[in-house]
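So the structure is just underneath, and the comments pick up after that.
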Amino acid sequence: MAASSRNTCCWPGPNQEVKGYYLVGWGRSAQYVSQITLQAALIAMAYRHAGCRQYLDEFDDGGYDDDDALNEWYRKSAVDPGLIIGHNYTHTELEDLNCDGAKSYGFKPTSIVSNVAFVGGILSAVSMPLMGAIVDSTKYRKPFGIVMAATLTLVNFFQTFITKDTWFLMAVLQGTAGVLSYMGLAMVVYAYVPELGD
């Protein structure tokens with residue numbers, strides 16, 4: 001009776017590989033949440049670096065004394081000029097409010113996430129044959145997975161310290177070590193899947 005009570009959805013019996021597969025799934029879910037947060041922070045910091053007014057310190061540190069003024073500014077910058085009654089914004093004013101044409105390191109701030117993914121994708125494509133050979137043809141599959149999981153954990157830990165001064169370093173860290181460790185760990189996990197039924 002005690003053995004069958006441990007065969008639940010969260011702790012599926014004595015097979016260690018199955019337990020590992022379940023535990024990696026929990027970690028992967030936390031990874032997705034942290035990536036969504038990181039991506040939003042990277043975009044905001046890229047806008048800030050580009051000099052967009054709504055992301056500068058004057059809005060956080062006393063440029064507006066009350067929330068109503070800040071909310072009004074956001075409302076005006078987010079809607080079509082034809083919908084704002086009492087003031088017709090010029091095209092230049094709208095570009096300034098919406099930060100159209102702003103550049104951060106030569107790119108639009110909104111493209112920081114796709115640029116990180118592009119760099120990570122290229123690095124993954126180049127390194128996958130070597131990682132695949134380690135996983136499939138050597139006895140180091142499990143140690144390789146442990147190294148990839150530890151690297152991914154460390155990258156996420158360091159990315160919690162993102163600031164306006166470190167955001168670009170965090171983007172580089174994510175595009176290199178973050179993506180490579182995630183892909184390496186996924187490769188190890190999926191290499192174990194055919195053996196889960198044994």
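Source: prediction; values computed, not measured.
Between the CG atom in Leu173 and the CG atom in Leu154 there is a gap of 9.5 Å [rounded to 0.5 Å]. To the nearest 0.5 Å, atoms OG (Ser127) and CE (Met187) are separated by 7.5 Å. Here CZ of Phe144 is found 5.0 Å from CD1 of Ile134. Values are rounded to the nearest 0.5 Å. We find the CG-CZ distance between Asp136 and Arg141 to be 6.5 Å, quoted to the nearest 0.5 Å. Here OH of Tyr21 is found 5.5 Å from OH of Tyr190. Values are rounded to the nearest 0.5 Å. The NZ atom of Lys108 lies 6.0 Å from the NZ atom of Lys103; values are rounded to the nearest 0.5 Å.
Nearest heavy atoms, Leu42 versus Ala171: CD2-CB, 3.9 Å. Considering all non-hydrogen atoms of both residues, Ile162 and Ala41 come closest at CD1-CB, 4.1 Å. The nearest pair of heavy atoms linking Val179 to Ser124 is CG1-OG, 3.4 Å. The two residues Ala102 and Pro109 have their closest heavy-atom pair at O-CD, 3.3 Å. Of all non-hydrogen atoms in Met148 and Leu180, the two that sit nearest each other are SD-O, 4.0 Å. Taking every heavy atom of both residues into account, Ala177 and Val155 meet most closely at CB-CG2, 3.8 Å.
Under the 4.5 Å side-chain contact rule for hydrophobic residues, Leu169 and Phe157 do not share a cluster. Residues Trp167 and Ile36 do not share a hydrophobic cluster, defined by chaining ILVMFWY side chains whose heavy atoms lie under 4.5 Å apart. Under a hydrophobic clustering in which Ile, Leu, Val, Met, Phe, Trp and Tyr are joined whenever their side-chain heavy atoms come within less than 4.5 Å, directly or via other members, Met45 and Phe161 fall into the same cluster. Leu130 and Val188 fall within the same hydrophobic cluster, where Ile, Leu, Val, Met, Phe, Trp and Tyr residues are linked whenever their side-chain heavy atoms come under 4.5 Å apart, directly or through other members. Follow the hydrophobic side-chain contacts under 4.5 Å out from Ile146 and you never reach Tyr192; the two are in separate clusters.
Applying the 6.0 Å contact sphere to NZ of Lys142 captures no more than 12 heavy atoms from other residues, nucleotides or ligands.
Phe107 is listed as a side-chain neighbour of Asn115, based on a closest heavy-atom distance under 4.5 Å. At a threshold of 4.5 Å between non-hydrogen side-chain atoms, the residues Gln35 and Gln174 count as touching.
Ring geometry for His49 versus Tyr105: interplanar angle under 30°, hence parallel rather than tilted (30 to 60°).
For the 3.5 Å distance criterion, the side chains of Thr163 and Thr166 qualify, holding a donor opposite an acceptor.
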Can you check side-chain hydrogen bond (donor to acceptor under 3.5 Å, both in side chains) on Ser114 and Ser111, steps first, answer last? CA-CA 5 Å; Ser114 59; Ser111 66; 5.0 Å; no

